[in-house]
Amino acid sequence: MIEIKNLHKTYGSGPKAVTALKGIDLSIEQGMYGLLGPNGAGKTTLMRILAGIVHASAGSVWVNGNDMKTDQGRRQVKAQLGYLPQELGLYPDLTARQFVDYMAILKGVDDPQLRKKRVQAVLEMVSLLDVADRKIKGYSGGMKRRVGIAQALVNNPRILIVDEPTAGLDPEERIRFRNLLVELAAKRFVLLSTHIVGDIGQTCRNMTVLSKGEVRYQGNPAELTQLAKDHVWTITSPDGAKPNAGLTIVSMQHMPEGVNYRVVGADVGRYPQAVQEQPSLEDGYVWLMK
Amino acid sequence: MSRLNYTFQAFQKDHFWLPVAVMGLFMLITLLMTGDRQYSVVRAFLGFTLPLLAGGLSAYTFLEDSALELQFATKRPAWKMIAERLGLVLFVIVFVSLTFQLFIQLLGVSLSPLGNVFQRQLVWFVPCLTTLVLGGAVSLMARNSNGGMAAVGGLWIIQILLRGWFAREPVWRNVLLFYGVMDPLGQPRILNQITLTVFSLLLLVAAHTLLKKQERYI
């Protein structure tokens, strides 16, 4: 169980101080949990606090019974942690196998036989076995991301924190990785932070939307979707003119009869041709953030 | 052992070649010199150049790590990271120094003006230890590797230029990095070496305290 109460985080002090989190309250059960929000919402700061890298300015964070305020608590959490940061740095002169092996050593997987098995298994999970002995500097962006995923899993973590894990992956890899996360979540805490609304909708039972350091929504993706009920429309504009400022355009498509705009908004009175649509999770998110 | 091997391969391999190249240069210069001049080159390398190399390398050993956030997410305590990183730089410096001394012995240059075998090791080891920890600690304090290098380089240049004044002042000579090599057999060198060692230990404690504040570096 992860318990966060009245969590505040401020970077710096005085007039230059930046508040990243303002009184966050969260309770996260085992399983897959999604964290959604725009850039600068505080997602990465929250992930780093849960990973024991950043200290909270105020409030309390308990992870699996460990108080993250104490050195001892942070060390205990790190011992059971798999972490994939948003800005992933690797060592280009090592091979994927060496890198994952190195991370396993740092994570305390001391038995060489066990380590060898784990490294082999995670490289297979992320489909890097055939190139595992090539230096990382020759890898594509997606392959590097998969090395990052492999290192996060190598110690068979109880808590998995992944920040934008599918960035740079091709659609097939993305689906495979999403499924892998769901499998892992059966016996673990998996925290997924992402900009990609679809990734959360497909995988998470519960989620939180953060904005400007505050919780804007807590619940399940289906309820978030329902927030936009009766507020999603398709408007066809023969001359291509965009719907007015009160509506948020979610998508647009050029058709022979004009431009189809999918919009989210309260009032479409000016557009009698508007056709009501079933909301998606993305619509729910857009409606929430309006 | 594999951990140190990986740490070395991952981002400290380049650190090895710079001191080796400088050592090669000094070996060449020694070969080209004769008589007392050979001893002067040896003194310049061991007592003056090695401390600058040690400090310079250590300034870049913590923050120029592309996977620093991943390293911080492991349970490894800060003191282990410090021991590993500074230890590797020290290992390279010790290797270079001993190789150079072996070469000098083979050339037949006498190092006896620097004292007995133990004393002549202290002449370079103590100032190297000081600059090594200084470079690492200041880079952490400034959250910038160049800051660490600037501190080491600045101190080195000031002390080189004012070494005569430092050596004459009974108090200030205790913090002169080069006092040991300037007066290798004099009694005051002992207090100088003790002071520099204590200073290094204090900086080591500071570096440890700073490295525990991981969020400063990501």
Side-chain angles (χ1 to χ4, degrees), chain A residues 9 11-12 20 44-45 47-57 71-72 74-95 98-110 112 115 135-137 144 147-148 151-152 154-155 157 159 161 163, chain B residues 1-18 57 60-89 92 139-145 205 207-218:
Chain A
K9 178 63 193 175
Y11 292 105
T44 297
T45 296
M47 293 284 194
R48 284 174 171 169
I49 289 174
L50 291 171
I53 299 170
V54 167
H55 295 198
S57 304
D71 279 351
Q72 173 72 8
R74 281 192 295 274
R75 221 176 7 258
Q76 289 289 335
V77 170
K78 285 178 179 182
Q80 30 183 327
L81 178 72
Y83 180 59
L84 176 66
Q86 186 176 3
E87 284 167 30
L88 175 67
L90 304 168
Y91 301 128
D93 283 330
L94 296 187
T95 67
Q98 287 173 327
F99 182 81
V100 177
D101 190 45
Y102 181 32
M103 292 313 296
I105 294 171
L106 294 180
K107 290 173 178 207
V109 186
D110 294 325
R115 204 167 66 232
K135 286 193 174 179
I136 292 172
K137 63 181 160 197
K144 286 178 183 165
V147 176
Q151 67 75 32
V154 74
N155 57 330
I159 306 154
I161 295 178
D163 203 352
Chain B
M1 206 52 210
S2 348
R3 171 157 66 197
L4 286 179
N5 184 24
Y6 282 140
T7 306
F8 185 74
Q9 279 193 56
F11 55 95
Q12 292 195 320
K13 215 162 43 179
D14 296 342
H15 288 181
F16 182 71
W17 294 113
L18 177 66
L57 293 181
Y60 291 91
T61 197
F62 290 108
L63 304 180
E64 304 305 306
D65 177 353
S66 49
L68 196 60
E69 192 168 352
L70 287 181
Q71 296 253 357
F72 283 160
T74 66
K75 63 175 181 175
R76 196 167 44 139
W79 69 262
K80 266 195 181 175
M81 194 167 173
I82 289 179
E84 214 173 86
R85 307 274 168 116
L86 294 185
L88 274 172
V89 176
V92 171
S139 70
L140 290 174
M141 204 178 298
R143 290 191 281 173
N144 185 324
S145 304
V205 173
H208 179 249
T209 309
L210 286 164
L211 193 59
K212 281 174 82 176
K213 297 176 180 170
Q214 299 176 333
E215 66 183 76
R216 297 181 78 237
Y217 314 110
I218 51 170

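Labels below follow one simple rule: chain letters A, B, ... track the order of the sequence lines, proteins then strands, and each chain is numbered from 1. Computation of the quantities below employed the complete heavy-atom set of this structure, encompassing side-chain atoms and omitting hydrogens, waters and symmetry-equivalent molecules.
Contacts of A/N155 with chain B are absent, with no heavy-atom separation under 4.5 Å from either backbone or side chain. If you measure heavy-atom distances from A/L106 to chain B, the contacts under 4.5 Å come from both the backbone and the side chain. Only the side chain of A/L94 has a heavy atom closer than 4.5 Å to any heavy atom of chain B. A/Q80 does not touch chain B: none of its heavy atoms, backbone or side chain, sits under 4.5 Å away.
For the atom pair A/R48 CZ and B/E215 CD, the distance stands at 9.5 Å (nearest 0.5 Å). With rounding to the nearest 0.5 Å, the separation of CD1 in A/I53 from CD in B/Q71 is 11.0 Å.
Taking each heavy atom of B/A67 and A/G89 in turn, the nearest pair found is CB-O, 3.2 Å. Minimum interatomic distance between A/A79 and B/K75 (heavy atoms only, all atoms of both residues): CB-CD, 3.8 Å.
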As a quick check of understanding, evaluate side chain to side chain donor-acceptor pair (under 3.5 Å) for A/Y83 and B/T74, giving each step before the final call. CA-CA 9 Å; A/Y83 180 59; B/T74 66; over 6 Å; no
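Comparing B/Q214, B/K213, B/R216 by how many heavy-atom pairs each has under 4.5 Å with chain A, the most go to B/Q214. Interface remark: of the candidates A/Q151, A/R75, A/K78, A/Q76, A/K78 forms the most heavy-atom pairs closer than 4.5 Å to chain B.
Between the side chain of A/K107 and the backbone N or O of B/A73, no donor-acceptor pair lies under 3.5 Å.
B/Y6 has its side chain out of reach of A/M103: every pair of non-hydrogen atoms, C-beta onward, lies at least 4.5 Å apart.
Using a 3.5 Å distance cut-off with no hydrogens or angles, the side chains of B/Q9 and A/Y91 do not pair a donor with an acceptor.
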